K.L.:
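Below is a structure I'd like to ask you about.
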Amino acid sequence: MAKVLYTRVSSITQNLDRQLQEADKYDKVYEDKCSGKNTERPALQEMLGYIRDSDEVYVHELSRLARNTFDLIDL
């Protein structure tokens with residue numbers, strides 16, 4: 001079982017520092033710097049290809065992973 005952290009900010013000028021404060025607790029960390037308008041985000045797609053059924057995915061806030069409940073269910 002792997003502990004996986006997914007982080008995202010909406011633009012390249014923003015930083016991920018707040019979301020990465022305890023990144024050393026995770027086996028793998030994925031970082032995106034792009035809009036969450038859809039799931040076409042490089043690190044998100046890479047993470048989805050990596051995780052297995054027993055893995056745990058962590059996010060600082062659910063809004064970093066999905067914009068709404070429908071998107072979250074789709075993921």
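The shown structure was predicted, so the numbers you read here are calculated from the model rather than taken from an experiment.
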K.L.:
Return the minimal non-hydrogen interatomic distance between M1 and S54, and the atom names on each side.
P.N.:
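Scanning both residues completely, I find the closest heavy atoms to be CG-O, 2.9 Å.
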K.L.:
With sequence neighbours excluded, what pairs up with K37 under the side-chain hydrogen bond (donor to acceptor under 3.5 Å, both in side chains) test?
P.N.:
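If we apply the side-chain hydrogen bond (donor to acceptor under 3.5 Å, both in side chains) test to K37, skipping adjacent residues, there are no hits.
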K.L.:
Taking all non-hydrogen atoms of both residues, which atom of D27 and which atom of A2 are closest, and how far apart?
P.N.:
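The pair with the smallest heavy-atom distance is OD2-CA, 3.2 Å.
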K.L.:
For L62, does the CG atom have more than 12 heavy-atom neighbours from other residues, nucleotides or ligands under 6.0 Å away?
P.N.:
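Counting other residues, nucleotides and ligands, CG of L62 stays at 12 neighbours or fewer.
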K.L.:
Who passes side-chain hydrogen bond (donor to acceptor under 3.5 Å, both in side chains) against S63, sequence neighbours left out?
P.N.:
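S63 satisfies side-chain hydrogen bond (donor to acceptor under 3.5 Å, both in side chains) with E61 only.
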K.L.:
Below 4.5 Å, heavy atoms only, C-beta onward: do L16 and K33 meet side chain to side chain?
P.N.:
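SC-SC contact between L16 and K33 confirmed.
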K.L.:
If you round to the nearest 0.5 Å, how far is CG of N38 from CG of D74?
P.N.:
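Separation between the atoms: 11.5 Å.
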K.L.:
Would you compute the distance between atom CZ of R41 and atom CE of M47 and round it to the nearest 0.5 angstrom?
P.N.:
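So the CZ of R41 and the CE of M47 are separated by 8.5 Å.
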K.L.:
Is any side-chain heavy atom of L20 closer than 4.5 Å to a side-chain heavy atom of E31?
P.N.:
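Heavy-atom side-chain distance check passes, below 4.5 Å.
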K.L.:
Hey, does V57 have a side-chain heavy atom less than 4.5 Å from the side chain of I51?
P.N.:
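A side-chain contact exists here, since the closest heavy-atom pair is under 4.5 Å.
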K.L.:
Any pair with a residue in residues 2-59 that passes ring pair (Phe, Tyr, Trp, His ring centres under 6.0 Å), sequence neighbours left out, goes on the list, sorted by first then second residue, please.
P.N.:
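Every pair satisfying ring pair (Phe, Tyr, Trp, His ring centres under 6.0 Å) with a residue in residues 2-59: Y26-Y58.
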K.L.:
So, using salt bridge (Lys or Arg N to Asp or Glu O under 4.0 Å) as the criterion, who are the partners of E22 when residues are at least two apart?
P.N.:
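Here the qualifying residues are K25.
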K.L.:
At what distance, to the nearest 0.5 angstrom, does OG1 of T7 lie from CG of N15?
P.N.:
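Answer rounded to 0.5 Å: 10.5 Å.
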K.L.:
If you round to the nearest 0.5 Å, how far is CG of L48 from CG of L44?
P.N.:
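Here the interatomic distance stands at 4.5 Å.
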K.L.:
State, with a plain yes or no, whether a side-chain heavy atom of H60 is found less than 4.5 Å away from one of L5.
P.N.:
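Counting from C-beta outward, H60 and L5 never come under 4.5 Å.
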K.L.:
For residues E40 and Q45, determine if any side-chain heavy atom of one lies less than 4.5 Å from a side-chain heavy atom of the other.
P.N.:
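With C-beta onward as the side chain, the pair stays apart.
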K.L.:
So L75 and T39, do their side chains get closer than 4.5 Å, heavy atoms only?
P.N.:
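Yes, their side chains come closer than 4.5 Å.
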K.L.:
Can you check whether R8 reaches L65 side chain to side chain, under 4.5 Å on heavy atoms?
P.N.:
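SC-SC contact between R8 and L65 ruled out.
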K.L.:
Apply side-chain hydrogen bond (donor to acceptor under 3.5 Å, both in side chains) to T13 and list each qualifying residue two or more places apart in sequence or on a separate chain.
P.N.:
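Checked T13 against side-chain hydrogen bond (donor to acceptor under 3.5 Å, both in side chains); matches are S11.
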K.L.:
Tell me, please, which residues at least two apart from R67 pass salt bridge (Lys or Arg N to Asp or Glu O under 4.0 Å).
P.N.:
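With neighbours one apart ignored, the set is empty.
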